[in-house]
Novice: 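Okay, here's the structure, questions in a sec.
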Amino acid sequence: MKITSTSCICPVLVCLCFVQRCYGTAHHSSIKVTRNQTKHIEGETEVHHRPKRGWVWNQFFVLEEHMGPDPQYVGKLHSNSDKGDGSVKYILTGEGAGTIFIIDDTTGDIHSTKSLDREQKTHYVLHAQAIDRRTNKPLEPESEFIIKVQDINDNAPKFTDGPYIVTVPEMSDMGTSVLQVTATDADDPTYGNSARVVYSILQGQPYFSVDPKTGVIRTALHNMDREAREHYSVVIQAKDMAGQVGGLSGSTTVNITLTDVNDNPPRFPQKHYQLYVPESAQVGSAVGKIKANDADTGSNADMTYSIINGDGMGVFSISTDKETREGILSLKKPLNYEKKKSYTLNIEGANTHLDFRFSHLGPFKDATMLKIIVGDVDEPPLFSMPSYVMEVYENAKIGTVVGTVLAQDPDSANSLVRYFINYNAEDDRFFNIDANTGTIKTTKVLDREETPWYNITVTASENDNPDLLSHVTVGIRVLDVNDNPPELAREYDIVVCENSKPGQVIHTISATDKDDFANGPRFNFFLDEHLPVNPNFTLKDNEAAAPSPSGFVHAREMGACGPAMQKPSCPRLV
């Protein structure tokens with residue numbers, strides 16, 4: 001079969017792409033498609049080669065944030081079947097077709113009717129179709145193409161986590177890392193430098209620096225001292241476009257606090273102190289405070305106080321108040337102005353938590369001298385004894401001297417002392433005291449058998465200050481004299497049997513004596529010689545028995561017979 005030599009035209013849809021890049025510079029590109037032709041080779045039969053059919057596309061671009069008055073031109077669809085007679089109709093479908101993107105169905109021109117934001121949507125997928133208006137049949141298969149939203153630098157870098165609050169130890173080495181900050185840029189990181197961020201420090205130099213690429217903040221000075229300055233406000237800027245002129249920027253604040261280390265020893269504000277303590281201060285009571293200052297804080301400022309030497313080491317003690325960090329001075333022994341008027345103490349304050357990195361700044365302790373002045377206090381009279389015991393015989397005459405108490409003014413003034421006895425209104429006053437000498441005398445005759453012991457309270461006061469009083473207890477023992485005769489312990493009614501044998505013990509009697517033991521037993525028992533003698537009864541002392549009292553014995557004959565009673569310590573009636 002012979003093929004005629006004719007030219008075959010293959011319809012092809014061409015995308016004429018309008019691309020706007022680099023912030024305003026317009027670039028026009030298109031794909032040119034020519035007819036496929038068949039060559040005539042000499043000596044050979046002419047052959048018609050069927051061309052490939054299909055859409056040929058470039059990617060379309062549309063610039064974001066377009067704010068012009070007219071729709072933004074995107075590009076052009078064109079089929080080589082289009083002879084310009086309006087017989088080809090172009091159809092656009094897909095994302096945004098008919099709303100965001102419109103097409104002139106005759107010319108194939110595509111426009112964007114809205115301002116697009118790449119950060120919300122980066123690209124749109126659409127479909128193009130060319131059909132014959134007369135037959136409504138497609139001239140080419142439907143093809144897919146992409147309209148990409150071209151980025152512009154419309155987003156500034158942002159610090160999403162700021163402001164920051166961080167700490168770093170004081171005295172840290174230069175270059176110590178403090179914090180890494182990160183800024184994000186919503187622009188396209190794959191296109192240009194719109195999202196390429198560079199960090200710089202706007203405020204906080206020369207104390208801190210920031211790495212321009214990583215955003216790591218570091219100390220920029222040696223030995224930053226918290227006691228000199230504790231708080232820093234550092235402002236970090238992030239700028240896109242790699243920091244070039246025209247780039248957008250954002251900033252954040254980093255509040256940096258230097259934390260404390262123990263780099264300061266305690267120091268007493270003075271090398272000599274003086275403290276007044278009255279001699280009347282009570283043992284165990286706090287009598288004064290002392291404090292060393294430490295510029296550090298927290299546990300780095302904790303310290304303990306101690307007395308390292310001085311003539312008052314045995315008289316005073318010192319403890320540490322953990323809350324106030326003060327040394328509390330307490331009294332261990334009584335003070336006496338008349339014996340010692342002053343004491344000297346050397347007191348040391350030392351840190352309890354040491355940091356050996358800073359030992360070269362030590363020693364971390366300090367000492368001071370404290371002079372304690374003992375204050376003279378007008379004290380009440382002091383008795384020579386804490387209590388007194390005196391003795392006096394009963395039946396002594398009124399005015400008999402019982403004893404003497406003595407009290408003196410312990411102060412250097414040595415004021416005269418007066419004495420008196422404290423009596424209650426209802427007390428019988430058996431004694432009085434000489435107000436000047438302290439001599440105690442009887443005012444009544446005493447009876448030991450009635451009151452063997454008296455307790456009285458003697459008070460002493462100074463003539464110059466009667467309000468200062470001292471009291472002492474005086475115990476007075478009443479001594480016995482033999483002023484009471486023996487008495488039968490009770491009245492006796494003795495029963496004796498009529499058939500009792502001679503010599504038989506019929507009863508034992510006993511006696512008592514109100515006097516003291518020394519003036520009582522042993523006693524002698526005998527029948528009253530002034531009464532008629534009864535030959536039927538005799539009285540014998542039980543000499544083997546213990547000492548016993550004596551008295552009269554009465555016996556009478558009874559009709560009934562009772563048992564004989566005998567006590568080994570009493571005389572026997574026979």
Side-chain angles (χ1 to χ4, degrees), residues 15-29 57-77 92-103 109-128 144-164 179-202 210-216 235-254:
C15 168
L16 301 178
C17 183
F18 174 76
V19 182
Q20 187 174 4
R21 299 174 182 265
C22 301
Y23 310 103
T25 303
H27 300 269
H28 298 272
S29 63
W57 300 104
N58 275 349
Q59 185 170 240
F60 284 174
F61 293 89
V62 59
L63 193 65
E64 71 168 329
E65 305 294 348
H66 177 70
M67 303 299 292
D70 300 322
Q72 183 181 183
Y73 183 70
V74 177
K76 186 179 182 66
L77 298 179
L92 188 66
T93 59
E95 293 180 323
T99 56
I100 301 175
F101 305 103
I102 59 174
I103 188 170
D109 292 325
I110 301 173
H111 288 80
S112 171
T113 62
K114 296 182 180 180
S115 177
L116 303 181
D117 188 353
R118 188 203 67 86
E119 285 70 45
Q120 292 184 1
K121 189 169 179 62
T122 60
H123 65 278
Y124 296 83
V125 178
L126 294 103
H127 297 85
E144 181 181 274
F145 68 99
I146 295 174
I147 297 178
K148 184 176 182 181
V149 181
Q150 181 67 53
D151 183 51
I152 64 171
N153 190 18
D154 59 341
N155 289 278
K158 292 182 179 180
F159 293 91
T160 57
D161 296 331
Y164 302 85
L179 175 71
Q180 182 176 20
V181 295
T182 302
T184 59
D185 194 310
D187 291 320
D188 189 355
T190 65
Y191 177 72
N193 292 324
S194 296
R196 184 179 174 187
V197 175
V198 172
Y199 300 93
S200 62
I201 185 167
L202 300 181
V210 64
D211 188 293
K213 294 182 178 180
T214 64
V216 175
V235 178
I236 302 297
Q237 176 183 265
K239 189 174 183 180
D240 61 16
M241 297 299 293
Q244 298 176 6
V245 176
L248 303 178
S249 63
S251 63
T252 189
T253 300
V254 182

Novice: Taking side chain to side chain contact (heavy atoms under 4.5 Å, CB included) as the definition, give me every residue that meets it alongside Ile100, ordered by chain and number, with sequence neighbours left out.
Specialist: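 Applying side chain to side chain contact (heavy atoms under 4.5 Å, CB included) to Ile100 gives Ser112, Lys114, Leu116, Tyr124.
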Novice: With Asp240, which residues qualify under side-chain hydrogen bond (donor to acceptor under 3.5 Å, both in side chains), at least two apart?
Specialist: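 Here the qualifying residues are Asn153.
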Novice: Going by side-chain hydrogen bond (donor to acceptor under 3.5 Å, both in side chains), name the residues that satisfy it together with Thr214, two or more places apart in sequence or in a different chain.
Specialist: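 Thr214 satisfies side-chain hydrogen bond (donor to acceptor under 3.5 Å, both in side chains) with Asp211 once adjacent residues are dropped.
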Novice: Would you name the heavy atoms of Ser251 and Val235 that are closest together and state the gap between them?
Specialist: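 Smallest heavy-atom distance, with atoms named: CB-CG1, 4.2 Å.
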Novice: Just jot down the side chain to side chain contact (heavy atoms under 4.5 Å, CB included) partners of Ala156, sequence neighbours excluded, or say none.
Specialist: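 Side chain to side chain contact (heavy atoms under 4.5 Å, CB included) check on Ala156 returns Leu248.
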Novice: Mind checking side chain to side chain contact (heavy atoms under 4.5 Å, CB included) for Thr113 and listing every partner two or more places apart, or none if nothing turns up?
Specialist: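 Thr113: side chain to side chain contact (heavy atoms under 4.5 Å, CB included) contacts with Ile102.
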Novice: Could you check Tyr191 against Ile152 for side chain to side chain contact (heavy atoms under 4.5 Å, CB included), going step by step and ending with a plain yes or no?
Specialist: CA-CA 9 Å; Tyr191 177 72; Ile152 64 171; over 6 Å; no
Novice: Scan residues 154-163 for pairs that pass side-chain hydrogen bond (donor to acceptor under 3.5 Å, both in side chains), counting only residues two or more places apart or in two chains.
Specialist: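 Found Glu119-Asn155, Asn155-Asp187.
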Novice: Tell me the closest heavy-atom pair linking Phe101 and Leu126, and the distance in Å.
Specialist: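 Looks like CD1-CD2, 4.2 Å.
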Novice: Taking only residues two or more places apart in sequence or in another chain, which ones pass salt bridge (Lys or Arg N to Asp or Glu O under 4.0 Å) with Glu95?
Specialist: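 Lys121.
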Novice: Could you work out, with side chain to side chain contact (heavy atoms under 4.5 Å, CB included) as the rule, every residue matching Thr93, not counting sequence neighbours?
Specialist: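 Residues passing side chain to side chain contact (heavy atoms under 4.5 Å, CB included) with Thr93: Ile91, His127, Glu142.
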Novice: Return the set of residues passing salt bridge (Lys or Arg N to Asp or Glu O under 4.0 Å) with Asp188 (not counting sequence neighbours), or none when no residue passes.
Specialist: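 Checked Asp188 against salt bridge (Lys or Arg N to Asp or Glu O under 4.0 Å); zero matches.
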